[in-house]
Amino acid sequence: MENCPICESKVVEKLLVVNKFDVIKCRDCGLLFTYPLPSDEAINEYYQGFLFNKPSESGLKKQIESRTREIGHFFNLGDFKFLDYGAGIGTAYYVAKKLGFDSFYYDIDRQSIDFAKERLGLAEDSIIKDSDLSGLSFDYIWSDNVIEHVKDPERFVAVLYGALKNGGKLVIKTPQASNVEALFIAALSGLLYFKNAFKQNSFSTAFKASFLKRYWHCEPPRHLYSFSKKSIWKLIEKCDIPKDTVVIRDYYISGLKYSFLDVWSKIRNPFFKGVVFVFALPLFLIELPIIFLRRMLSVFRVISGTGLIVEIRKNLDLA
Ligand SMILES: [Zn+2]
């Protein structure tokens, strides 16, 4: 079997098959990875519009609100050059521009680019065309749930870090391999991952991969990797980034997101909503204490979070 592509350990274990790819876990660094990696053509084809989910008006508004909080939290305001790398529909690009940054956008999906142009005023001269960012430099780079999609994460980090100005800051968000928080969320662990695994593997393989090994977030050909903290630290080391300039933290899912109550609250028709409520009440009563427990455990950071936030500053002494 393949060695771990990040830490090169030979101690790896095949967990299951997802869409004809093996999902393998490294026992040393905890990385979940895809074997074999899909071809570039297959990936390109997969991305053209496939990831693009046109958000509803209210969904877009909510995304912009939470992005405004995030961008304001991670970056200082001012006349800075900002890049949203793997921008998708471009809400971070949009928010950064509103906040006064000189904002740039990079993505490979045409449909997302068109949406961003039409709805968020993405200007042609703000679109970066070269994934390698050759000759470009930025004060701030934001990359939200992108690194798990790329074939070569080491190169990805090297490219983004390389395009950072002295004193600049790079923020990478990505799902966390084998996190415990997702175990508490039935819509993720059971309805999404276990169900998907069981469709393509035996019951025992699917059960073990889902609830014991927690293979979540490694979903080829979409997500080729799912990173643990240890595997990210290994990446940082391989890219020669000084460790004291890096902070890695867990992020958690907010209150009711992905809950049955959340799904129910989105039903528009009042009659249907009432009927569903009566039938789903027992489910809500079971779910609420679980949500409460999960939130308590995450507030006190007892369990690992669904995702990781990696903050990298370049040349702290110059900042
Ligand atoms: Zn490893």
Side-chain angles (χ1 to χ4, degrees), residues 1-40 43 86 143-162 170-183 188-189 193 196-197 201 205-251 301 303-312:
M1 209 185 292
E2 278 299 286
N3 292 0
C4 170
I6 303 287
C7 78
E8 277 123 45
S9 168
K10 288 187 173 67
V11 196
V12 297
E13 178 188 8
K14 177 179 160 182
L15 299 186
L16 77 167
V17 174
V18 175
N19 299 328
K20 301 197 175 100
F21 297 92
D22 289 352
V23 170
I24 301 175
K25 182 166 181 166
C26 170
R27 288 218 194 140
D28 275 322
C29 76
L31 177 81
L32 291 161
F33 62 96
T34 299
Y35 184 80
L37 286 171
S39 69
D40 292 340
I43 290 179
S143 188
D144 187 355
N145 282 267
V146 184
I147 189 172
E148 65 277 8
H149 296 263
V150 304
K151 278 167 85 167
D152 188 346
E154 186 181 336
R155 188 179 156 76
F156 178 88
V157 174
V159 163
L160 296 193
Y161 188 70
L170 162 64
V171 178
I172 294 173
K173 283 176 75 180
T174 187
Q176 176 162 215
S178 308
N179 70 78
V180 177
E181 189 184 27
L183 199 56
L188 286 181
S189 56
Y193 288 101
N196 218 353
N201 302 268
T205 300
F207 187 86
K208 198 174 153 206
S210 303
F211 300 114
L212 301 178
K213 303 287 177 177
R214 304 191 296 278
Y215 83 100
W216 9 99
H217 310 301
C218 188
E219 307 157 51
R222 196 168 90 90
H223 291 177
L224 305 176
Y225 301 92
S226 182
F227 295 93
S228 61
K229 277 199 192 89
K230 201 172 168 185
S231 61
I232 299 268
W233 280 118
K234 191 71 204 171
L235 261 185
I236 298 291
E237 192 186 310
K238 287 175 101 174
C239 292
D240 287 324
I241 299 172
K243 287 196 170 178
D244 59 353
T245 62
V246 182
V247 179
I248 305 179
R249 268 192 288 256
D250 292 61
Y251 70 81
R301 306 202 164 237
I303 55 171
S304 48
T306 299
L308 294 172
I309 298 177
V310 186
E311 282 180 74
I312 305 173

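Ligands are counted one by one from 1 in listed order, and the atoms in each one are counted from 1 as well. Nothing fancy with the numbering, it's 1 onward along the sequence.
No side-chain donor-acceptor contact under 3.5 Å links Asn179 and Ser304.
Scanning for side-chain hydrogen bond (donor to acceptor under 3.5 Å, both in side chains) contacts around Asn145 gives Tyr251, with sequence neighbours left out. Considering only residues two or more places apart in sequence or on other chains, Lys14 meets the side-chain hydrogen bond (donor to acceptor under 3.5 Å, both in side chains) condition with Asp22. For Arg27, the side-chain hydrogen bond (donor to acceptor under 3.5 Å, both in side chains) partners at least two apart in sequence or on another chain are Glu13.
The aromatic ring centroids of Phe227 and Tyr225 lie less than 6.0 Å from each other.
Around the Zn ion (ligand 1), the protein N, O or S atoms found under 2.8 Å comprise Cys4 SG, Cys7 SG, Cys26 SG, Cys29 SG.
Annotation for Lys229: atom NZ counts as buried by contact number, over 12 foreign heavy atoms lying within 6.0 Å.
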